[in-house]
Amino acid sequence: MTTTDTQMPSATVWRATLWGFVALFGSGAGVHTFLALTTPRSYEGFADAALFDWTRDAWQSVFMAHPTLWALLLATGELTIAVLLVKLRLLGYLAVVLFHLALMLFGWGFWLWCVPALAFALPAARHTFQARRRI
């Protein structure tokens with residue numbers, strides 16, 4: 001929703017974007033915890049379509065060497081991002097952007113998710129930054 005004076009999204013849009021990312025990363029933490037504890041080998045083919053050989057090789061030699069540990073660390077990272085979005089919003093948005101940029105290394109299919117996510121995260125981060133500067 002925009003106002004006629006500024007053509008900037010309303011506070012409701014920024015709030016919805018924020019809580020959407022909080023929910024996304026919070027639920028992602030839950031999913032990765034569940035997968036880590038029940039079916040850690042389900043991550044096996046995740047990097048098969050990676051854009052670079054080094055991404056695929058690192059996934060196999062590092063992550064898949066100890067998938068339970070790495071999936072739990074991934075869950076911890078996602079939960080940390082969710083908390084940062086609530087407590088230190090600008091740092092949280094920076095983490096959201098970096099997370100999605102890293103995810104794009106795993107193949108063009110991930111771009112279908114990451115590009116729209118970044119289209120929300122980048123303006124929200126900019127809005128957060130500008131709002132802090134006005135204070």
Side-chain angles (χ1 to χ4, degrees):
M1 186 181 316
T2 59
T3 63
T4 56
D5 296 334
T6 62
Q7 294 301 309
M8 290 295 295
S10 71
T12 303
V13 172
W14 297 123
R15 221 175 2 265
T17 300
L18 170 68
W19 290 107
F21 278 118
V22 170
L24 176 75
F25 281 92
S27 62
V31 167
H32 288 295
T33 299
F34 176 78
L35 291 174
L37 298 176
T38 59
T39 57
R41 301 308 297 179
S42 63
Y43 293 95
E44 186 70 45
F46 186 79
D48 287 353
L51 299 178
F52 306 102
D53 290 338
W54 61 265
T55 306
R56 191 171 26 264
D57 295 343
W59 185 263
Q60 286 303 316
S61 63
V62 176
F63 192 99
M64 291 312 299
H66 303 285
T68 300
L69 170 67
W70 287 107
L72 289 172
L73 288 172
L74 176 59
T76 302
E78 286 194 294
L79 186 58
T80 300
I81 292 171
V83 170
L84 284 173
L85 284 165
V86 174
K87 299 287 188 181
L88 299 167
R89 194 164 299 160
L90 194 55
L91 187 57
Y93 277 124
L94 175 63
V96 168
V97 169
L98 293 174
F99 181 92
H100 283 91
L101 290 175
L103 190 58
M104 292 169 82
L105 293 171
F106 288 92
W108 295 111
F110 289 99
W111 287 52
L112 296 173
W113 167 259
C114 293
V115 171
L118 290 169
F120 281 92
L122 289 169
R126 182 172 179 255
H127 170 75
T128 301
F129 179 74
Q130 289 177 338
R132 287 188 57 175
R133 286 182 56 202
R134 280 179 267 182
I135 295 176

Any residue meeting ring pair (Phe, Tyr, Trp, His ring centres under 6.0 Å) with Phe52, in chain and number order, not counting sequence neighbours: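 With neighbours one apart ignored, the set is Trp54.
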For residues [X] and [Y]: do they belong to one hydrophobic cluster (side chain heavy atoms under 4.5 Å, members Ile, Leu, Val, Met, Phe, Trp, Tyr)?
X      : Y     : result
Val31  : Val83 : no
Ile81  : Leu91 : no
Phe120 : Val13 : no

If I compare all heavy atoms of [X] with all of [Y], which pair ends up nearest, and what's the gap?
X     : Y      : value
Met64 : Gln60  : CB-O, 3.5 Å
Thr38 : Pro40  : C-CD, 3.6 Å
Thr17 : Ala124 : CG2-CB, 3.9 Å

Does the separation of the ring centres of His32 and Tyr43 fall below 6.0 angstrom?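 When the ring centroids of His32 and Tyr43 are compared, they turn out to be within the sub-6.0 Å range.
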Spacing of Phe21 atom CZ and Leu85 atom CG [to the nearest 0.5 Å]: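 It comes to 8.0 Å.
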For the NE2 atom of His127 and the CG atom of Leu18, what is their distance to the nearest 0.5 Å?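 Reported value, rounded in 0.5 Å steps: 10.0 Å.
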Any residue meeting side-chain contact (heavy atoms from CB on, under 4.5 Å) with Val86, in chain and number order, not counting sequence neighbours: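 Testing Val86 for side-chain contact (heavy atoms from CB on, under 4.5 Å), a comparison that skips the adjacent residues, returns Trp19, Val22.
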Which donor-acceptor pairs under 3.5 Å do the side chains of residues 66-77 make with protein atoms, sequence neighbours left out?
| residue | atom | partner | partner atom | Å |
| --- | --- | --- | --- | --- |
| Thr68 | OG1 | Ala36 | O | 3.4 |
| Trp70 | NE1 | Val62 | O | 3.3 |
| Thr76 | OG1 | Leu72 | O | 2.9 |

Taking only residues two or more places apart in sequence or in another chain, which ones pass side-chain hydrogen bond (donor to acceptor under 3.5 Å, both in side chains) with Trp111?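 Per chain and number, Trp111 pairs via side-chain hydrogen bond (donor to acceptor under 3.5 Å, both in side chains) with no residue.
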Show every donor-acceptor pair shorter than 3.5 Å between a side-chain atom in residues 92-108 and any protein atom, with sequence neighbours excluded, or say none if there are none.
| residue | atom | partner | partner atom | Å |
| --- | --- | --- | --- | --- |
| His100 | ND1 | Val96 | O | 2.9 |
| His100 | NE2 | Trp113 | NE1 | 3.1 |

Applying salt bridge (charged side-chain N to carboxylate O under 4.0 Å, His left out) as the test, list every pair that has at least one member in residues 52-69; sequence neighbours left out.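 Residue pairs with at least one partner in residues 52-69: Asp53-Arg56.
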